[in-house]
Amino acid sequence: MDYILKEPARKISPKIIPIWRITNTIGHGSFLLGFGALLAASHYWDWYNWVNITLYVLIGITVLSAIFSIFIEPIFVQRTWRYDVDENFIQLKHGRWNVEHTIIPMAKIEYVMTDQGPFLRKAGLYSLKIGTTASSHTIPAIPQEEALALRSQIASYANVKEDDSFE
């Protein structure tokens, strides 16, 4: 019996775009502060000139990376993320230039859990983590009701016991 998989059609929430922008801003801002402190120390203690040049180059690279990571990447990632769940497989597909399409058999799933940090909590979103013997996979930015229902559905299909002690 052949089983034909359809392309995954479910999308992650667009509410994740501003969250990714905030977290990327925090990360890049931290690097820029660190480089700025090193640059100030370099000028104060009169370090070698190549140290200043290297720090300016690193600051430039960080600014270019920040522009991409804050303004461009979150939109592309959200628009290309797809997932689907049926009684036999979980499909994850994402990426614009380097497309990654993962198919996880239900028989290989050992655990399924929801995860929600402070930014996701504010937006009413969850990440769904799916673990197999060899790896772990995450579906980001799923609305709360859908994430909880999906966790129960996957646990049922994979015959995994749910642990609600952390909620």
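Numbers here simply count residues along the sequence, with the first being 1. Every heavy atom of this structure was used, including side-chain atoms; hydrogens, water molecules and symmetry mates were not.
Of all heavy-atom pairs spanning Thr114 and Ala147, the tightest one is CG2-O, 4.1 Å. Nearest heavy-atom pair, Ile12 versus Gln78, reported as atom, atom and distance to 0.1 Å: O-NE2, 2.9 Å.
Using bins of under 30°, 30° to 60° and over 60° for the plane-to-plane angle, the ring pair His94/Trp81 lands in the parallel bin. Taking the six-membered ring where tryptophan is involved, the planes of Trp45 and Trp47 are essentially parallel, since the angle between them stays under 30° and well short of 60°.
Residue Tyr157 holds its OH atom at 11.5 Å from CD1 of Ile109, rounded to the nearest 0.5 Å. Rounded to the nearest 0.5 Å, atoms CD1 (Ile67) and CD1 (Ile72) are 8.0 Å apart.
Leu55 and Ile61 are assigned to two separate hydrophobic clusters, defined by single-linkage of ILVMFWY side chains at heavy-atom distances under 4.5 Å. Hydrophobic clustering, with ILVMFWY side chains joined whenever heavy atoms are under 4.5 angstrom apart, keeps Met106 apart from Met113. Phe119 and Ile70 fall into different hydrophobic clusters, defined by Ile, Leu, Val, Met, Phe, Trp and Tyr side-chain heavy atoms under 4.5 Å apart, directly or through other members. Hydrophobic clustering of Ile, Leu, Val, Met, Phe, Trp and Tyr side chains at less than 4.5 Å, counting indirect connections, keeps Leu58 apart from Ile53.
Partner of Ile130 under the side-chain contact (heavy atoms from CB on, under 4.5 Å) criterion, chosen from Val112, Thr138, Val85: Val112.
A salt bridge between Glu7 and Arg82 is absent, with no side-chain N of the basic residue lying under 4.0 Å from a carboxylate O of the acidic one.
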